[in-house]
Amino acid sequence: MLKDNVAALLNQQVNKEFYSAYLYLDFANFYEDEGLKGFANWYRVQAQEERDHAMLMIQYLQNNDCKVTLEAIDKPSCTLKERMDPLQEGYKHEQYVTSLIHNIYSAAYDERDFRTMQFLDWFVKEQGEEETNASDLIKKMELFGDDAKSLYMLDSELGARVYAAPSLTL
């Protein structure tokens, strides 16, 4: 059985992951309005990943006989005006999510909850990848975003991204 504090943090993270999905759908809508369908696709796929992260945590809680409590999901509050805005906000958000995962991991460590630590190992690795991807998008936009042909090619590259469900087994 999970300790109450670890279960509470995981429950809170479920909400944060669903919020992340909302945020990325907001970014996708922004890029759709900008006519950058590849960028929109990239963030729609990102939203699917975040939703699945929440579902993995729900399943983990249920597998450990913990009550899952779903809370209201906040509306994204970012002001998006420039094409770079979602990319920068996304990077900051991924850094924030990393800190949340580390906080849960720390609580599990303090409780000597090795099963939860093992479960979270995948999320720790995933967050490293998420931050790298977000940082890489910013670098690419800085390099290519002001040139129409290069932006078109970058948009096409991002449009090719497809969703792959996480391979974490519980």
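The first residue of the sequence shown is numbered 1, and numbering continues consecutively from there.
D33 CG: more than 12 foreign heavy atoms inside a 6.0 Å radius. Counting heavy atoms of neighbouring residues, nucleotides and ligands inside a 6.0 Å radius, atom CE of M84 exceeds 12 of them.
Listed for the S156 side chain is a donor-acceptor partner under 3.5 Å among the backbone atoms of Y152. Under a 3.5 Å cut-off, the side chain of N41 and the backbone N or O of L158 do form a donor-acceptor pair. Panel note: side chain R51, backbone A21; no donor-acceptor pair is recorded below 3.5 Å. A donor-acceptor pair is defined here as one N or O able to donate and one able to accept, closer than 3.5 Å; such a pair exists between the side chain of N15 and the backbone of A72. Judged by distance alone, with hydrogens and angles left aside, the side-chain atoms of D155 form a donor-acceptor pair with the main-chain N or O of F39 at under 3.5 Å.
Between the side chains of E129 and N133, no donor N or O sits under 3.5 Å from an acceptor N or O. Between the side chains of D121 and Y105, at least one donor-acceptor pair of N or O atoms lies under 3.5 Å. In the model, Q46 has a side-chain atom that pairs as donor or acceptor with a side-chain atom of E130 under 3.5 Å. Residues Q95 and E131 bring no donor and acceptor atom of their side chains to less than 3.5 Å of each other.
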Take L10 and N64 through the side chain to side chain contact (heavy atoms under 4.5 Å, CB included) test and state the conclusion after the steps. CA-CA 12 Å; L10 285 166; N64 286 279; over 6 Å; no
Between Y24 and R44, is a side chain to side chain contact (heavy atoms under 4.5 Å, CB included) present by the stated rule, with each step listed? CA-CA 7 Å; Y24 292 145; R44 278 192 299 273; over 6 Å; no
For Q62 and V68: C-alpha separation, side-chain torsions, deciding distance, then whether side chain to side chain contact (heavy atoms under 4.5 Å, CB included) applies. CA-CA 7 Å; Q62 291 170 338; V68 175; 3.8 Å; yes
side-chain hydrogen bond (donor to acceptor under 3.5 Å, both in side chains) between Q13 and E17, intermediate numbers included: CA-CA 6 Å; Q13 190 61 31; E17 297 294 335; 2.8 Å; yes
Evaluate the side chain to side chain contact (heavy atoms under 4.5 Å, CB included) criterion for residues D85 and T79: first the C-alpha distance (whole Å), next the side-chain angles of each, then the deciding distance (0.1 Å), finally the verdict. CA-CA 8 Å; D85 292 346; T79 302; over 6 Å; no
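Interatomic distance, Q127 CD to Y96 OH, rounded to the nearest 0.5 Å: 12.0 Å. Summarising the geometry, atom CZ belonging to R112 is positioned 12.0 Å from atom NZ belonging to K3; distances are rounded to the nearest 0.5 Å. The CG atom of L80 lies 10.0 Å from the CG atom of L87; values are rounded to the nearest 0.5 Å. Distance check, rounded to the nearest 0.5 Å: CG of L100 to CG of L9 gives 9.0 Å. Distance check: I58 CD1 to C66 SG gives 13.0 Å after rounding to the nearest 0.5 Å. Taking OG1 of T69 as the reference point, atom CG of N11 lies at 4.5 Å (rounded to 0.5 Å).
Y19 pairs in a side-chain contact (heavy atoms from CB on, under 4.5 Å) with only one of the listed residues (E50, H93, K75, E71), which is H93.
In this structure, F119 and Y60 have parallel ring planes: the angle between them is below the 30° cut-off, well short of the 60° mark. A parallel orientation is assigned to the rings of Y43 and Y31, their planes being inclined by less than 30° (bins at 30° and 60°).
Counting heavy atoms from C-beta on, the side chains of V97 and S20 come closer than 4.5 Å. Contact check for L56 versus F123: side-chain heavy atoms found under the 4.5 Å cut-off. A heavy-atom distance below 4.5 Å is not found between the side chains of D26 and Y22. No side-chain heavy atom of I138 sits less than 4.5 Å from a side-chain heavy atom of M141. Residues Y109 and T116 are not in side-chain contact: their nearest non-hydrogen atoms beyond the backbone lie 4.5 Å or more apart. Two residues are said to be in side-chain contact when any heavy atoms from C-beta on lie closer than 4.5 Å; Y91 and L137 fail this criterion. The side-chain heavy atoms of D110 and N5, taken from C-beta on, include no pair separated by under 4.5 Å.
The hydrophobic cluster containing M55 also contains L70, counting ILVMFWY residues as joined when their side-chain heavy atoms lie under 4.5 angstrom apart, directly or transitively. Follow the hydrophobic side-chain contacts under 4.5 Å out from M117 and you reach L120 in the same cluster. Under the 4.5 Å side-chain contact rule for hydrophobic residues, L25 and V162 do not share a cluster.
Checked against the 6.0 Å centroid threshold, H53 and F18 do not count as a close aromatic pair.
Taking the charged nitrogens against the carboxylate oxygens, E89 and K92 do have a contact shorter than 4.0 Å, which makes a salt bridge.
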